Amino acid sequence: MMYALADCNNFYASCERVFDPKLVNKPVIVLSNNDGCVVARSQEAKQVGIQMGQPVFECRDIIRSHAVIVRSSNYALYEDMSRRVVSAILHFIPDVEIYSIDEAFCDLAPMAGRDFDKLCREIRSAVLQWTGIPVSIGIGSTKTLAKIANRVAKRDASTDAVYRFPCDVNESRRVLSETRVEDVWGIGRRWGRRFRQLGVQSALDLAQMPPSIVRSHFNVTAMQTGMELAGVRCHELEAAPAPRRTLVRSRSFGEAVKRWDEMYQAIASHATRAAEKLRLEGGVAGRLSVFIQTNRFRQDQPQHCVSGSCELMPSTNTTPVLVEHASSIGRQLWKPGHAYKKAGVMLSEITFGEMQGALFSSRDDAHDARLMEVLDRINMTMGSGTLHPAATGRHQRTGFMRQEHCSPRYTTRWSELPKVI
DNA sequence: TCTGGGGTCCTAGGACCC
DNA sequence: TCTGGGGTCCTAGGACCC
């Protein structure tokens, strides 16, 4: 049994590069929504000292002095590129788990007898040739070891971006001892600190700690991570994604919101977008929550971070129903005199397939379903947001968002195709 | 001045029941 | 006045991931 983990290098920055060769060999960063934080960095940007997750305003000087190229995030582009990378991998391997927008686990078991190292090099070069995206591939007998191998593939140039976790005991101990415990997949900063207090510094230390001890200090998740490092498989490949349980739509405001009518529009627009997504997936939600938050970095200002929820009986995905509930909850949460920085809507208790009707429903479910179908079809063909509830106002697309450095949606909008001059 | 968005899982503790 | 024990269910909060 063997897993491979294919991980796109600096994915968002690489996507930007595919369509704009000017960016090649230059420091490039991609920003989060609202142009707030750095969420991707090219190799060159890492080298000049820009940190992952760093607020942009903190690295203005580096950006200026090293002529770092800045892009707002363009998820339409990244999601499409991600699909292309996955279909390239599927060309070689049938059992693939899409783990995130830039990572996929592959089950190598059906490839038994083949030279895994050679196979992964073929995959890497095909993905690069067909999509323009460089990937690194780590191979290991558990997912956690494949992750470790992937780190080595990324950091050690001599691996040429493909690395197999060693079978040799001494060699594997060396690799584990060179991985800090907080860098292990599933162990973050907090747990890393606690492990260090217990004398566990490296992945090797964690692998050698008795599972029951790990469990008693942390929980079963940490215990499984330790076991996986020791070669005991705890996580299988999950080729079919588990049905989602929750769906959130939220945004920070470019400028703090102080008026209820603005907040109302934002909440209505989040509810609308959540409902669209839920219908697209064919689910209905049994509970709706709304949250509003002030700016936690401004402790000098009055803080108000609250949430409220209500049961949806019957479960639904009908936009007007969700908008109505969301705004009424929002209204109850709203406290005048605060500068709100973020708002969101969460749908939970999501179910798929047949739904249970309410005994005393006043709504005509069949009528709602037809109405939503027409709405979705129009928005699908004429562009998202063509038809939207009046409550969302004019800002239903961006929700007051700042995006000053956005690249075109090269692959998903005819009008934004790259031009060859 | 400016600080992302969207998920999952686990556990502790309270409510409630018998 | 004295005031049990064990089970389930739910939720909030904390940790992790990308």
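A note on names: the letters A, B, ... follow the listed sequences, proteins ahead of strands, and every chain is numbered from 1. Bear in mind the structure is a predicted one, so any value in this text is a computation, not a measurement.
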Output the single nucleotide from dC10(B), dG7(B), dG4(B) whose closest atom is nearest the side chain of Val220(A).
->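 From the listed options, dC10(B) comes nearest.
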Out of dG6(B), dC2(B), dG5(B), which nucleotide sits closest to the side chain of Asn33(A)?
->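 The nucleotide sitting nearest to the side chain is dG5(B).
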Mind checking Thr246(A) for me? I need base, sugar-phosphate or nothing, with any heavy atom below 4.0 Å counting as a touch.
->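 It contacts sugar-phosphate atoms only.
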Determine the contact category for Arg249(A): base if any of its heavy atoms lies under 4.0 Å from a base atom, sugar-phosphate if only primed atoms, P, OP1 or OP2 are that close, otherwise nothing.
->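 Since only primed, P, OP1 and OP2 atoms lie under 4.0 Å of Arg249(A), the category is sugar-phosphate.
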Rounded off to whole Å, could you give me the [atom1]-to-[atom2] distance for the [X] and [N] pair?
| X | N | atom1 | atom2 | value |
| --- | --- | --- | --- | --- |
| Arg60(A) | dC2(B) | CZ | P | 12 Å |
| Gln293(A) | dG6(B) | CD | C1' | 14 Å |
| Ile29(A) | dT3(B) | CD1 | C1' | 14 Å |
| Arg251(A) | dG5(B) | CZ | P | 6 Å |
| Asp300(A) | dC2(B) | CG | P | 9 Å |
| Asp35(A) | dG5(B) | CG | P | 12 Å |
| Tyr12(A) | dG6(B) | OH | P | 12 Å |
| Glu238(A) | dT8(B) | CD | C1' | 11 Å |

More than 12 heavy atoms from other groups under 6.0 Å of CD1 on Ile98(A) =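 Not more than 12 within 6.0 Å, no.
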What integer number of Å spans the P atoms of dC18(C) and dT3(B)?
->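 After rounding to an integer number of Å, I get 25 Å for this pair.
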From the options Arg196(A), Arg193(A), Arg189(A), select the one residue that forms a side-chain contact (heavy atoms from CB on, under 4.5 Å) with Glu182(A).
->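 One option only clears the test, and that one is Arg196(A).
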Take nucleotides 11-18 of chain C nucleotide by nucleotide from the 5' end and write B, S or -, depending on whether a protein heavy atom sits under 4.0 Å from the base, only from the sugar-phosphate, or from neither.
-> ----SSSS
Any side-chain N or O of [X] under 4.0 Å from OP1/OP2 of [N]?
| X | N | answer |
| --- | --- | --- |
| Ser250(A) | dG6(B) | yes |
| Arg298(A) | dT1(B) | no |
| Asn34(A) | dT3(B) | no |
| Lys342(A) | dG5(B) | yes |
| Arg296(A) | dT3(B) | no |

Please round to the nearest 0.5 Å and tell me the distance separating atom CD of Glu236(A) and atom CD of Glu97(A).
->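 It is 10.5 Å, given to the nearest 0.5 Å.
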Stem list, DNA chain B (Watson-Crick or G-U pairing under 3.5 Å, at least 3 consecutive pairs) =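 When the pairs of DNA chain B are grouped into runs of at least three, the stems are B:5-18 with C:5-18.
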Within 45° cone of Trp130(A) ring axis and under 6.0 Å: Arg84(A) NZ or CZ =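 No cation-pi geometry.
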Cationic tip of Lys143(A) above Phe105(A) ring, under 6.0 Å, 45° of axis =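 Here Lys143(A) passes the 6.0 Å and 45° test against Phe105(A).
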Using the ring of each side chain (for Trp, its six-membered ring), is Tyr75(A) parallel, tilted or perpendicular to Tyr78(A), with breaks at 30° and 60°?
->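 Perpendicular, since the angle between the ring planes exceeds 60°.
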Lys22(A) bridged to Glu16(A) by N-O distance under 4.0 Å =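 No.
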Hey, would you say the Tyr340(A) and Trp334(A) ring centroids sit under 6.0 Å apart?
->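 Ring centroids of Tyr340(A) and Trp334(A) are less than 6.0 Å from each other.
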Which residue, Phe57(A) or Val248(A), contacts DNA chain B at a nucleotide closer to its 5' end, judged by nearest heavy atom?
->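 The residue whose closest nucleotide sits nearer the 5' end is Phe57(A).
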Hey, which sits more toward the 5' end of DNA chain B by its nearest nucleotide, Phe297(A) or Phe218(A)?
->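 Result of the comparison: Phe297(A).
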Using atom types as modelled and distance alone, determine if a side-chain donor or acceptor of Gln293(A) lies under 3.5 Å from a backbone N or O of Lys342(A).
->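 Such a contact is absent between Gln293(A) side chain and Lys342(A) backbone.
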Listed by chain and number, what are the ring pair (Phe, Tyr, Trp, His ring centres under 6.0 Å) partners of His405(A), not counting sequence neighbours?
->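 His405(A) satisfies ring pair (Phe, Tyr, Trp, His ring centres under 6.0 Å) with no other residue.
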